[in-house]
Colleague: 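Submitted below is the structure of interest, expressed as structure tokens.
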Amino acid sequence: MSVFNSIFGKSENQSSSTSKINWIPLKDLGQLNEILTLSNEKLVVIFKHSTRCSVSRMALKQFENEFDLEDKVDAYFLDLLEYRDISNEIASRFNVHHQSPQLLLIKEGKSVYDVSHSDIDARELKGKL
């Protein structure tokens with residue numbers, strides 16, 4: 001997870017309690033097909049993050065601190081600055097407007113919950129499951 005550590009400033013000596021989420025890096029357009037298939041069996045969360053945005057960083061940290069759904073959802077993380085083409089495809093496939101930061105809940109191939117900025121809340125997400 002060194003990519004995430006460098007993004008979020010976590011050093012090797014810091015506690016692993018910084019993030020409760022076992023993020024799956026979203027780095028390939030083909031993974032969207034996997035997400036569509038997987039979402040028929042299990043809920044999928046996609047977190048779109050701008051590594052240059054302090055609002056995005058704050059939303060991510062708060063979401064990670066509140067998240068306790070590891071057994072209920074698979075969580076994908078998208079660095080939208082590095083993978084803008086994937087971000088654009090997410091907007092197209094799931095019929096959502098591009099936002100940053102943005103959280104989508106995918107169920108049965110559709111985005112059933114889509115929030116951004118300060119509306120990103122793990123407790124609110126839990127109520128949607």
Side-chain angles (χ1 to χ4, degrees):
M1 292 282 185
S2 61
V3 170
F4 294 113
N5 294 343
S6 65
I7 292 171
F8 309 128
K10 180 179 173 187
S11 73
E12 295 299 319
N13 296 329
Q14 283 180 303
S15 164
S16 62
S17 65
T18 300
S19 175
K20 303 174 195 173
I21 305 172
N22 185 23
W23 289 114
I24 302 166
L26 183 49
K27 298 181 175 184
D28 183 88
L29 279 169
Q31 286 177 279
L32 293 179
N33 293 330
E34 294 170 16
I35 289 170
L36 288 172
T37 301
L38 177 62
S39 73
N40 288 311
E41 301 170 15
K42 187 175 185 178
L43 296 170
V44 176
V45 168
I46 300 173
F47 193 104
K48 292 171 43 180
H49 174 61
S50 171
T51 56
R52 289 188 218 142
C53 175
S54 61
V55 172
S56 188
R57 189 171 13 265
M58 286 188 335
L60 176 63
K61 289 287 190 189
Q62 182 165 340
F63 182 75
E64 288 180 321
N65 288 336
E66 296 173 349
F67 185 86
D68 66 349
L69 305 168
E70 196 72 45
D71 58 333
K72 293 183 170 64
V73 302
D74 280 358
Y76 285 79
F77 179 91
L78 176 67
D79 175 344
L80 66 90
L81 295 178
E82 189 167 346
Y83 301 102
R84 183 58 190 232
D85 59 330
I86 298 173
S87 180
N88 292 339
E89 186 63 23
I90 287 170
S92 175
R93 283 198 196 192
F94 297 112
N95 197 28
V96 297
H97 292 286
H98 164 75
Q99 304 253 358
S100 170
Q102 186 173 28
L103 179 75
L104 290 86
L105 176 63
I106 311 300
K107 179 180 181 179
E108 297 175 357
K110 294 181 173 75
S111 174
V112 295
Y113 179 66
D114 165 34
V115 291
S116 67
H117 296 82
S118 62
D119 290 334
I120 295 173
D121 185 321
R123 291 173 291 201
E124 187 74 23
L125 173 65
K126 190 173 189 175
K128 303 292 181 190
L129 304 183

Colleague: If I take atom NZ from residue Lys27 and atom OH from residue Tyr76, how far apart are they, to the nearest 0.5 angstrom?
Modeller: 13.5 Å

Colleague: Please tell me if the side chains of Ile90 and Gln102 come closer than 4.5 Å, counting only heavy atoms from C-beta onward.
Modeller: no

Colleague: Measure the CZ-OG distance between Arg57 and Ser50 for me, rounded to the nearest 0.5 Å.
Modeller: 8.5 Å

Colleague: When rounded to the nearest 0.5 angstrom, what is the spacing between NE2 in His97 and CG in Asp114?
Modeller: 9.0 Å

Colleague: Please evaluate residues Arg93 and Leu36 with respect to the criterion side chain to side chain contact (heavy atoms under 4.5 Å, CB included), reporting the C-alpha separation (whole Å), side-chain torsions for both, the decisive distance (0.1 Å), and the verdict.
Modeller: CA-CA 10 Å; Arg93 283 198 196 192; Leu36 288 172; 3.6 Å; yes

Colleague: Does the side chain to side chain contact (heavy atoms under 4.5 Å, CB included) test come out yes or no for Val115 and Leu125, once each step is laid out?
Modeller: CA-CA 9 Å; Val115 291; Leu125 173 65; over 6 Å; no

Colleague: Does atom CG of Asn95 have more than 12 heavy-atom neighbours from other groups under 6.0 Å away?
Modeller: no

Colleague: Is Ser92 reaching over with its side chain to a backbone N or O of Asn88, donor-acceptor style, under 3.5 angstrom?
Modeller: no

Colleague: Looking only at heavy atoms, which two atoms of Ile86 and Asp28 are closest? And how far apart?
Modeller: CD1-N, 3.3 Å

Colleague: Would you say Pro101 and Lys48 make side-chain contact, with heavy atoms under 4.5 Å?
Modeller: no

Colleague: Looking at every heavy atom in both Tyr113 and Lys128, which two are closest together, and how far apart are they?
Modeller: CE1-CE, 3.5 Å

Colleague: Out of curiosity, Lys72 NZ to Phe67 CZ, how far, rounded to the nearest 0.5 Å?
Modeller: 10.0 Å

Colleague: Compare every heavy atom of Gly109 with every heavy atom of Phe94, then report the nearest pair and how far apart it is.
Modeller: CE2-O, 3.7 Å

Colleague: Side-chain heavy atoms under 4.5 angstrom apart, residues restricted to Ile, Leu, Val, Met, Phe, Trp, Tyr: same cluster for Leu80 and Met58?
Modeller: no

Colleague: Would a 4.5 Å heavy-atom cut-off, applied to side chains only, mark Ile35 and Leu26 as touching?
Modeller: yes

Colleague: Looking at Leu69 and Ala122, what are the two nearest heavy atoms and their distance?
Modeller: CD1-O, 4.3 Å

Colleague: What heavy-atom pair brings Asp68 and Asp71 nearest, and what distance separates the two atoms?
Modeller: O-OD1, 4.4 Å

Colleague: Honestly curious: do Leu78 and Val55 fall in one hydrophobic cluster under the side-chain, below-4.5 Å linking rule?
Modeller: no

Colleague: Rounded to the nearest 0.5 Å, what separation is found between the CG atom of Leu38 and the CD1 atom of Ile106?
Modeller: 11.0 Å

Colleague: Any side-chain heavy atom of Lys42 sitting closer than 4.5 Å to one from Val44?
Modeller: no

Colleague: If we only count heavy atoms from C-beta on, is the Gln31 to Ile24 side-chain gap below 4.5 Å?
Modeller: yes

Colleague: Measure the shortest side-chain to side-chain distance between Lys126 and Glu66 over non-hydrogen atoms and say whether it is less than 4.5 angstrom.
Modeller: no

Colleague: Could you give the distance from NZ (Lys107) to CG (Asn40), rounded to the nearest 0.5 Å?
Modeller: 11.0 Å

Colleague: Looking only at non-hydrogen atoms, find the nearest pair between Ser56 and His49 and report the distance.
Modeller: OG-ND1, 2.6 Å

Colleague: Kindly indicate whether the side chain of Phe47, heavy atoms from C-beta on, has any atom under 4.5 Å from the side chain of Ile120.
Modeller: yes

Colleague: Less than 4.5 Å apart, side chain to side chain, heavy atoms only: is that true for Val112 and Leu43?
Modeller: no

